[in-house]
Chemist: 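Attaching a single structure in structure tokens format; questions to follow.
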There are 2 protein chains.
Amino acid sequence: MGITIGDIAKKANVSKATVSRVISDHPKISAKTKERVLKVMDEFDYHPNMIARSLAHRSTKIIGVVIPGISEKSFKHPFFPEMLRGAASVAQKNHYNILMSAVSTAEMETQVINELAKGGIVEGIILMGATVHDKFISELLKLKFPFVVVGRPENQDSVSWVDNDNVQAAYELTKHFIEQGHSRIAFLGASSIDIVVIDRLEGYKKAMREHGLPINEKLIIEDKNIDGDGYAFMKALMKRQEPMTGLIAMDDFMAFGAIKYINECGLSVPDDIAVAGFNNVLLSNYSTPPLTSVEVNPFHLGTRAFELLIANLTSSYKSIDRAIIPADLVVRQSTLRGTGK
Amino acid sequence: MGITIGDIAKKANVSKATVSRVISDHPKISAKTKERVLKVMDEFDYHPNMIARSLAHRSTKIIGVVIPGISEKSFKHPFFPEMLRGAASVAQKNHYNILMSAVSTAEMETQVINELAKGGIVEGIILMGATVHDKFISELLKLKFPFVVVGRPENQDSVSWVDNDNVQAAYELTKHFIEQGHSRIAFLGASSIDIVVIDRLEGYKKAMREHGLPINEKLIIEDKNIDGDGYAFMKALMKRQEPMTGLIAMDDFMAFGAIKYINECGLSVPDDIAVAGFNNVLLSNYSTPPLTSVEVNPFHLGTRAFELLIANLTSSYKSIDRAIIPADLVVRQSTLRGTGK
DNA sequence: CTGAAAGCGCTTACAG
DNA sequence: CTGAAAGCGCTTACAG
């Protein structure tokens, strides 16, 4: 680089302090000197060293966005990128930068905490996804380091977080099936460790119960593997020989896989089996038939998370916040009877 | 925070210089003192301030990844995230951090350059996508700031870049159609400004010519809008009443849109019209029929770009590099006759 | 309104 | 092998 605040000070015949004040647009600086300094700055194409600045006033304006287990699948799915995009949009408006960290092992977690948080690079952290990150979260809590997690975490009361109301979303989706006349509705991709899915199963059951329908465990397919293969799930489900007319999958891609198997069985969607997914993937609108899905608004999950973090950073009053982002049921032909082809 | 190198020095009865040497694992430090210092560091959970460190030895170990026009679509598509993931994986191995910047206006471009590059936050930049960024690139060149662009830029000889060979990829795809017996092959999503697409059109024409087939401009649909809507494109194409049996779309999603319209016309894929796309989206494997596509390996575009940048950063010998990432033709049922349903 | 000086938390020749 | 001191490029009370 080369040119520093000192050089500008000399050329403009002022002190470094004055240049610094011009840079930060300090109110009590005469218009004249300000103009002169600005001109010199411009002339030399001077731009203050942000690192030095950060060191001096202890603020980097950088937020760490931590993406857990950035496995191939998690990122091919538009969900994470959309959250990231949401976060980035708010960051930009507020003149923050985003440091992206993909974290897949416990070792990497501590590295992130040590280097980014304790090391003073980032002022706050957004944790994209709450699953399993107990240690990460508790460590952050111990440090009293500002952070927001996307996805309701286990220790939900001591942490700021943003999420959909997954119970409610699944409840409404299930209700939609019931209103379409279905009573034997399968649930694909249950999990005993993923809070999101646990909640959705609860919503599903709630809707069934409220409408006086039996909950048939044989219609519920569980798997450790969260981004499970819908095709394989459906195959397993069909083997159980349990009749069904409706199917709720935890993700649109899972639904597509299931539909593929359904078609291979010579059955059609929605006439034989109505199918819906979650996440409202771009393609759900173009698939044949178009897929009913739940839009979880990942973009807004991202924006809101970032907003909460900024609020926490800037207000002197520290609070534990939460935000529920509405999820929208998007009904398409895959669950509308008499429209299949 | 609080605890600094000075505190550790005191507790360990050494100078700050010694602590600093322990931190950076300086060779000539006695095992004894090193151990003692490490113990104290550990005891106080001390982690050096990276900002101060960066300022002192003028190296932040942060790379800026600039994503152009992070519009809704560009990010819902797995292409960018995959490149990002690739870059991140290499970054991590080499102990670099990634600062993500979404840039959609010229104003934001200069801001990135001023703040991140001139401001000394990042040591290098990866530009994801070469389209239109003449000023950005030329500014970076003027600064002699290290950067690599993904996607062959206009001034390709003065810039380090990574890309597929798009001429070759389209050539092979077209050849595949021809070998399947097609001679009237439409080309969806031509462009006169997007280098990627210009190259692909060239590859298409080359294959046609080499096989003695006429190039029918009526079978080529162009649109300014790069991520054009395949459904609309197909509609426009059909209106031209120009018979065709094959269709190449610039993106899988575009292909899906086209297929939708084809189906609505009562025609089937691949028996009436064989269809292929680019980018080998996750869903192309599950769609009905599964879609032939070109895998452009965005992950490797990202890794390779980052590797080139690191090489540039660490070697004393500055060079202008390029890397061609192979694109793989993935043949599926959408272009295989006699397999449609 | 402006400047001199101390300080942010490190690193790195230079001596020894 | 270790320390004292200067320096990285800014900011910010404190005076005036």
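We name chains A, B, ... by the order of the sequence lines, and we start the count at 1 in each one.
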Chemist: Have a look at A/Ser20 and say if it touches a base, only the backbone sugar-phosphate, or nothing, with a 4.0 Å heavy-atom cut-off.
Modeler: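 Counting heavy atoms under 4.0 Å across all strands, the contact made by A/Ser20 includes a base.
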Chemist: Write down the distance between CG (B/Asn49) and C1' (C/dT11), rounded to a whole number of angstrom.
Modeler: 13 Å
Chemist: Check the pair B/Lys32 / B/Glu35 against salt bridge (charged side-chain N to carboxylate O under 4.0 Å, His left out), numbers first and verdict last.
Modeler: CA-CA 5 Å; B/Lys32 264 174 90 169; B/Glu35 192 184 351; over 6 Å; no
Chemist: Among C/dG7, C/dC10, C/dA5, find the nucleotide with the atom closest to the side chain of B/Arg53.
Modeler: C/dC10
Chemist: How many whole angstroms separate atom CD1 of A/Ile5 from atom C1' of D/dC8?
Modeler: 13 Å
Chemist: Ignoring backbone atoms, establish whether B/Ser24 has a side-chain N or O less than 4.0 Å from OP1 or OP2 of C/dT11.
Modeler: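 The answer is no; no side-chain N or O of B/Ser24 sits under 4.0 Å from OP1 or OP2.
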Chemist: How many Å lie between CE on A/Met41 and C1' on D/dC10, as a whole number?
Modeler: 13 Å
Chemist: Looking for any heavy atom pair under 4.0 Å, which part of the strands does A/Leu55 touch: base, sugar-phosphate only, or nothing?
Modeler: base
Chemist: A/Lys61 has an atom NZ; how far is it from atom P of D/dC10, in whole Å?
Modeler: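 To the nearest whole Å, that distance equals 19 Å.
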Chemist: Between B/Arg322 and B/Asp157 (salt bridge meaning N to carboxylate O under 4.0 Å), is one present in this structure?
Modeler: yes
Chemist: Are A/Val149 and A/Ile137 close enough that some pair of their side-chain heavy atoms sits under 4.5 Å apart?
Modeler: yes
Chemist: How many Å lie between CD1 on A/Ile8 and C1' on D/dG9, as a whole number?
Modeler: 13 Å
Chemist: Check step by step if salt bridge (charged side-chain N to carboxylate O under 4.0 Å, His left out) holds for B/Glu139 and B/Lys118.
Modeler: CA-CA 11 Å; B/Glu139 178 75 1; B/Lys118 296 181 189 165; 3.4 Å; yes
Chemist: Taking only side-chain nitrogens and oxygens of A/Ser54, does any of them come within less than 4.0 Å of OP1 or OP2 of C/dC8?
Modeler: no
Chemist: According to a strict under-4.0 Å criterion, is B/Arg58 in side-chain N/O contact with OP1 or OP2 of D/dC8?
Modeler: no
Chemist: Closest approach to the side chain of B/Ala17, judged atom by atom: which nucleotide of D/dT11, C/dC10, D/dA4 is it?
Modeler: D/dA4
Chemist: Without swapping roles, check the side chain of A/Thr4 against the backbone of A/Gly6 for a donor-acceptor pair under 3.5 Å.
Modeler: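 Side chain of A/Thr4 to backbone of A/Gly6: a pair is present.
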Chemist: Kindly point out which of C/dT11, C/dG3, D/dT11 is positioned nearest to the side chain of A/Arg21?
Modeler: C/dG3
Chemist: What interatomic distance, in whole Å, is found between P of D/dA5 and the corresponding atom of D/dC1?
Modeler: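 Approximately 24 Å lies between the P atom of D/dC1 and that of D/dA5.
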Chemist: Atom NZ of B/Lys118 to atom C1' of D/dG9: distance rounded to whole Å?
Modeler: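 Distance check: B/Lys118 NZ to D/dG9 C1' gives 18 Å.
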Chemist: Please state whether the phosphate of C/dG9, meaning OP1 or OP2, lies under 4.0 angstrom from any side-chain nitrogen or oxygen of B/Thr4.
Modeler: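 Result: no.
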Chemist: Name the pairing partner of D/dA13, where a pair is Watson-Crick or G-U wobble with both distances under 3.5 Å, or state none.
Modeler: none
Chemist: If pairing requires Watson-Crick or G-U wobble contacts with both distances under 3.5 Å, which nucleotide is the partner of D/dA4?
Modeler: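 Partner of D/dA4: none found under 3.5 Å.
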Chemist: Side-chain N or O of A/Thr18 less than 4.0 angstrom from OP1 or OP2 on C/dG3?
Modeler: yes
Chemist: Looking at A/Tyr46, does any N or O in its side chain come under 4.0 Å of the phosphate oxygens OP1/OP2 on D/dG9?
Modeler: no
Chemist: Nearest-Å distance, CD1 (A/Ile51) to C1' (C/dT11)?
Modeler: 15 Å
Chemist: Report yes if a side-chain nitrogen or oxygen of A/Thr33 is closer than 4.0 Å to either non-bridging phosphate oxygen (OP1 or OP2) of C/dT2; otherwise report no.
Modeler: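 Indeed, a polar side-chain atom of A/Thr33 lies that close.
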Chemist: Once you apply a heavy-atom cut-off of 4.0 Å, does B/Val19 come out as touching a base, just sugar-phosphate, or nothing?
Modeler: nothing
Chemist: Return the nearest nucleotide to the side chain of B/His57; candidates are C/dA4, C/dT11, D/dC1.
Modeler: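 Looking only at heavy atoms from C-beta outward on B/His57, the closest nucleotide is C/dT11.
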Chemist: Less than 4.0 angstrom from a charged side-chain N to a carboxylate O is my criterion; do A/Glu307 and A/Arg304 meet it?
Modeler: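 Counted as a salt bridge, because a side-chain N and a carboxylate O are separated by less than 4.0 Å.
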Chemist: A/Lys16 has an atom NZ; how far is it from atom C1' of D/dA13, in whole Å?
Modeler: 15 Å
